[in-house]
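Working notes for the structure below.
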Protein chains: 2
Amino acid sequence: MRADAKRNYDRIVEVAREVFREQGYDASLDLVAKRAGVGPGTLYRHFPTRENLIDAIMQSWVDRVDEAADKALAQEGPPRDLLLHWFEEYVALISLHKGGPAKITSAMDDPASPIRTKCEVLKTAGDRVLDWLRAEGALREGVEVTQVARLVGGVATVADQGDLDPATVRPLLEVVADGLLV
Amino acid sequence: MRADAKRNYDRIVEVAREVFREQGYDASLDLVAKRAGVGPGTLYRHFPTRENLIDAIMQSWVDRVDEAADKALAQEGPPRDLLLHWFEEYVALISLHKGGPAKITSAMDDPASPIRTKCEVLKTAGDRVLDWLRAEGALREGVEVTQVARLVGGVATVADQGDLDPATVRPLLEVVADGLLV
DNA sequence: ACCTGAACACCGTTCAAGT
DNA sequence: ACCTGAACACCGTTCAAGT
């Protein structure tokens with residue numbers, strides 16, 4: 001990669017992170033290009049689709065997922081609390097940007113999605129939590145991590161689109177948790 | 001309303017129903033106007049926002065909601081089956097058009113939404129089902145119909161956006177049901 | 001090899017001119 | 001009172017011309 005290319009690439013990612021934080025994942029890419037001081041063609045050369053750009057932004061985000069799972073597993077107390085703690089971390093992680101919950105959750109069912117690798121990270125982190133619960137004998141028979149991702153992702157999507165506050169979301173997560181535990 | 005105005009109004013609603021069925025609720029309004037043979041201004045005169053048009057389309061849909069609740073309540077068997085039956089009817093009703101689950105579920109939290117009256121119909125139908133369960137002593141303490149709408153709406157939204165088939169959705173609804181019942 | 005920016009297509013929205 | 005369609009703004013996407 002040429003020096004000016006790398007400079008542009010980095011600048012676009014940096015600006016996109018800022019714009020997406022302000023306006024969500026559906027913000028105008030034209031605006032991103034303008035603010036980054038590059039032509040629209042340059043943006044498209046580096047990131048053929050919006051998802052490719054989102055994927056680049058999420059690079060630094062991967063570490064936080066594992067930390068969140070660690071934190072949940074370090075939790076003292078009954079399995080229900082541990083699961084709920086993970087749920088809240090999970091919702092927070094995919095709700096960092098408006099439109100995130102919908103985008104990430106539907107990417108889980110799309111093998112061709114550019115952000116698929118990020119979804120895998122989420123799944124393996126989720127599996128660590130579920131495995132612990134299984135070992136405790138606290139989890140229902142036949143529960144898959146994909147199902148949990150869809151359920152919690154669904155709650156997060158509704159919360160995101162309806163601008164619900166955490167206090168409103170909490171009881172919804174409790175229902176899901178109770179439905180998953182023995 | 002003048003005769004030609006009414007003719008245009010009806011024609012737009014009819015065409016919109018068709019276009020939305022083909023392409024979902026996010027289809028181009030320009031296309032609707034073109035197919036209806038009216039100028040874009042005419043469409044905007046009758047329906048200032050997309051939601052106003054969706055609301056008009058949903059007019060005939062209201063009856064089906066009450067029928068669905070009737071059917072669920074006529075169900076024999078344990079409360080869990082009854083609730084799941086209602087859930088499946090609910091998901092089917094709001095998933096008639098692509099984009100419907102997200103639109104309807106988030107309209108529940110928006111007092112200014114033009115389709116709010118339709119949401120109320122859904123809520124009262126849901127309350128009939130919940131009241132029956134409460135009378136049987138089968139429902140958890142403190143469960144609100146709004147929460148149920150969000151949970152099932154969330155599952156429907158994920159299913160809609162990920163093109164999941166009913167067989168995949170069913171276990172998710174079971175988790176929600178189990179979390180809601182005593 | 002990479003960038004630029006004009007150009008095109010598409011859509012939503014408004015409004016002056018018409019009947 | 002209502003309709004029409006041109007006009008504008010905005011956005012995504014492509015590509016010929018430039019370095």
Side-chain angles (χ1 to χ4, degrees), chain A residues 1-57 97-99 102-103 106-107 110 112-115 161, chain B residues 1-57 97-99 102-103 106-107 110 112-115 161:
Chain A
M1 179 128 63
R2 232 165 59 178
D4 55 345
K6 169 150 180 52
R7 214 174 34 101
N8 277 334
Y9 181 101
D10 291 342
R11 180 129 185 70
I12 289 170
V13 171
E14 186 191 340
V15 169
R17 202 187 312 262
E18 192 182 302
V19 171
F20 286 165
R21 188 172 37 217
E22 289 171 17
Q23 310 191 10
Y25 280 140
D26 294 323
S28 153
L29 297 183
D30 216 48
L31 178 66
V32 173
K34 269 203 188 70
R35 277 211 212 166
V38 302
T42 303
L43 193 151
Y44 275 83
R45 158 169 287 267
H46 288 299
F47 308 99
T49 74
R50 176 186 298 269
E51 302 241 304
N52 278 292
L53 181 51
I54 294 178
D55 184 63
I57 284 182
H97 300 95
K98 188 142 184 59
K103 209 137 261 170
S106 57
D110 176 14
S113 169
I115 63 172
Q161 287 167 0
Chain B
M1 176 127 65
R2 232 166 60 178
D4 56 344
K6 172 151 178 49
R7 213 174 34 103
N8 277 335
Y9 181 100
D10 290 342
R11 180 129 184 69
I12 290 169
V13 171
E14 186 191 340
V15 168
R17 201 186 312 262
E18 192 182 303
V19 171
F20 286 165
R21 188 172 36 215
E22 289 171 16
Q23 311 191 10
Y25 278 140
D26 295 321
S28 153
L29 297 183
D30 216 49
L31 178 67
V32 173
K34 269 202 186 72
R35 276 212 212 166
V38 303
T42 304
L43 192 152
Y44 276 82
R45 157 169 288 266
H46 287 299
F47 308 100
T49 73
R50 178 187 295 271
E51 301 242 303
N52 277 293
L53 181 51
I54 294 178
D55 184 64
I57 284 182
H97 300 94
K98 189 141 184 58
K103 208 137 259 166
S106 59
D110 176 15
S113 168
I115 64 170
Q161 288 167 359

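All of these numbers come straight from a predicted model, not from anything done at the bench.
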Practice item. Check the pair A/Lys98 / A/Asp26 against salt bridge (charged side-chain N to carboxylate O under 4.0 Å, His left out), numbers first and verdict last. Key: CA-CA 8 Å; A/Lys98 188 142 184 59; A/Asp26 294 323; over 6 Å; no
Specify the separation, in whole Å, of atom [atom1] of [X] and atom [atom2] of [N].
X       : N     : atom1 : atom2 : answer
A/Arg7  : C/dC3 : CZ    : P     : 9 Å
A/Arg45 : C/dC3 : CZ    : C1'   : 8 Å
A/Arg11 : C/dT4 : CZ    : P     : 12 Å

For the pair [X] (side chain) and [Y] (backbone), establish whether a donor and an acceptor sit closer than 3.5 Å, ignoring hydrogens and angles.
X       : Y       : result
A/Thr42 : A/Val38 : no
A/Arg50 : A/Ala27 : yes
A/Arg17 : A/Ile54 : no

Point to revise | Contact under 4.0 Å: A/Asn8 side-chain N or O vs C/dC3 OP1/OP2 | key: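 Answer yes for this pair, as a side-chain N or O of A/Asn8 is under 4.0 Å from OP1 or OP2.
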Exercise for review: Could you label the plane-to-plane angle of the A/Tyr25 and A/His97 rings as parallel, tilted or perpendicular, counting under 30° as parallel and over 60° as perpendicular?
Suggested key: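 Ring orientation of A/Tyr25 relative to A/His97: tilted.
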Check your understanding: Should the pair B/His46 and B/Tyr9 be assigned to parallel (<30°), tilted (30 to 60°) or perpendicular (>60°) ring geometry?
Key ->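 Taking B/Tyr9 first and then B/His46, their aromatic rings stand perpendicular (interplane angle over 60°).
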Point to revise | Note, A/Pro40 side chain near A/Leu29 side chain (heavy atom, < 4.5 Å) | key: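 The answer is no, as the side chains (C-beta and beyond) never meet within the 4.5 Å cut-off.
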Practice item. Mind running salt bridge (charged side-chain N to carboxylate O under 4.0 Å, His left out) on A/Arg35 and A/Glu18 for me, showing each step along the way? Key: CA-CA 10 Å; A/Arg35 277 211 212 166; A/Glu18 192 182 302; 3.1 Å; yes
Check your understanding: Which dot-bracket notation, 5' to 3', represents the base pairing of DNA chain C when pairs are defined as Watson-Crick or G-U with both distances under 3.5 Å, crossing pairs as [ ], and inter-strand pairs as |?
Key -> ||.|||||...|||||.||
Revision key, fill the gap. With sugar-phosphate taken as primed atoms, P, OP1 and OP2 and all else as base, the protein-contact string of nucleotides 8-19 of chain C at under 4.0 Å (heavy atoms; B, S, -) is ---SSBBB----
Exercise for review: Side chain of A/His46 only, please: which of D/dC3, C/dT4, C/dC3 is the nearest?
Suggested key: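 The answer is C/dC3, which lies nearest to the side chain.
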